[in-house]
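Just follow the structure's listing: the first ligand is 1, and inside any ligand the first atom is 1.
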Amino acid sequence: MKALAPGSTIGILGGGQLGRMLSYAAARLGYRCHIFCPEQDCPAAQVSAAATVADYDDRTALSAFAEQVDVVTLEFENIPVETVRFLAEKITIRPGAKVLEVAQDRLFEKQTVQHIGAKPAPFEPVGSLIELEQAMQNIGLPAILKTRRLGYDGKGQAMLQTMDEAASAWDRIGGGDCILEGLVDFALEISVIVARDSAGATACYVPVENRHRDGILDRTIAPADIAAETAEQATAIAVRLASDLDVVGLLAVEMFVTRDGQILVNEIAPRVHNSGHWTMEACLTNQFEQQIRAVAGLPLGSPDRHANAVMKNLIGDEADKWQEILSQPGSALHLYGKSEARPGRKMGHVTRLWPLNQKPEI
Ligand code: AMP
């Protein structure tokens, strides 16, 4: 595909805040966005030129959408792979089905990590209560039972401290295809976001530290306070994964750094990522523009940062403090246009910057 001319339309599957911010970035480069998502009045549709409200398996709506856009990307990795395959017969879609299939399944994810020579947390696939009990013996406790598919932000997970908890955890999670993971006693959690274009060129943002609360990202600190060698290794892992999975667009790779400096890969997402929101204020080319550039066949921009940053998510009623945040001159506030502040719902975020030679206050 040659470079998409300004004025063209980029189709986005998914209508959340990531799609909303992709849409701003596309607009800056002269593109229009057309959102495809099942919900009315979604955050992305509020700021885009067009929207189709339909289910991801509605082939009539998908065909009409494909007719109206010049390229398709996504903001959500749980889009059914069949939807992506169906669209791919009609139009260029980036990233493609290959990376999506891996990112949607924790077992495939871990096998891919091993395939490129990196390490996941200790794990075993489990498909029954008996297999779970065996895996608990093999891996040791504490451990976390996770569904292979459709888990995010700590959903579809159960912590296991003792052997007696096996049956109740298995019931709570609803059985099915799962994996058991050993609990990693990490020093910190980091992520690397790599952009990759269709010619295989890559650009990486600096590794950042992610602090979670109740399984949801609370803060991102850029850069992560880790040894230069650890940062290099983490970056190299992200690039190898993006290349192995033929990603055109972005790949976010979440990793644990253990107390002895080892890196264990936790999760991947083939899209812009919550841990990259700080790039909007602190980098010349932010993650959203980078995904648009890769998808539109433009050269990647510089991922270098001109400031250190802390991004704080505003979850549930934390966003009620919007006026107070706006009265702090050094805070950049983003609100996602969601009408109802349910507990655990990401309503917005706020980023603060520090000079490059200064450690951010957390
Ligand atoms: P996930 O949905 O797999 O990203 O898990 C959400 C969060 O739970 C992670 O960011 C970690 O804070 C924690 N977590 C998940 N898996 C493990 C593990 N094997 N060991 C320790 N903490 C974990």
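- Of all atoms in ligand 1, listed by their number and element, those nearer than 4.0 Å to a heavy atom of Lys146 are 3 (O), 15 (C), 16 (N).
- Within the structure, every pair that satisfies the salt bridge (Lys or Arg N to Asp or Glu O under 4.0 Å) test and touches residues 181-206, not counting sequence neighbours, is listed here: Lys110-Glu181, Lys146-Glu181, Asp185-Arg259.
- At a threshold of 4.0 Å, the pair Glu165-Arg172 does not count as salt-bridged, since none of the basic side-chain nitrogens sits closer than that to a carboxylate oxygen.
- Here is the list of ligand 1 atoms found below 4.0 Å of a heavy atom in Glu189: 9 (C), 10 (O), 11 (C), 12 (O).
- Heavy-atom neighbours of Arg240 CZ from other residues, nucleotides or ligands within 6.0 Å: above the threshold of 12.
- For the ligand labelled ligand 1, residue Gly182 lies inside the 4.0 Å heavy-atom shell.
- For Asn266, every heavy-atom contact with ligand 1 shorter than 4.0 Å involves the side chain, none the backbone.
- For Lys119, there are no salt bridge (charged side-chain N to carboxylate O under 4.0 Å, His left out) partners at least two apart in sequence or on another chain.
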| task | Begin with the C-alpha distance, continue with both residues' side-chain angles, and end with the deciding distance and a verdict on side-chain hydrogen bond (donor to acceptor under 3.5 Å, both in side chains) for Glu254 and His273. | result | CA-CA 10 Å; Glu254 295 183 52; His273 195 255; 3.2 Å; yes

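- Counting heavy atoms only, Gln157 comes closest to atom 8 (O) of ligand 1 of the residues Glu109, His212, Gln157.
- Ligand 1 has no N or O atom lying under 3.5 Å from any N or O atom of Ile144, backbone or side chain.
- Note: Leu183 CG to Met159 CE = 5.0 Å, rounded to the nearest 0.5 Å.
- Against a heavy-atom cut-off of under 4.0 Å, Leu183 is close to the following atoms of ligand 1: 20 (N), 21 (C).
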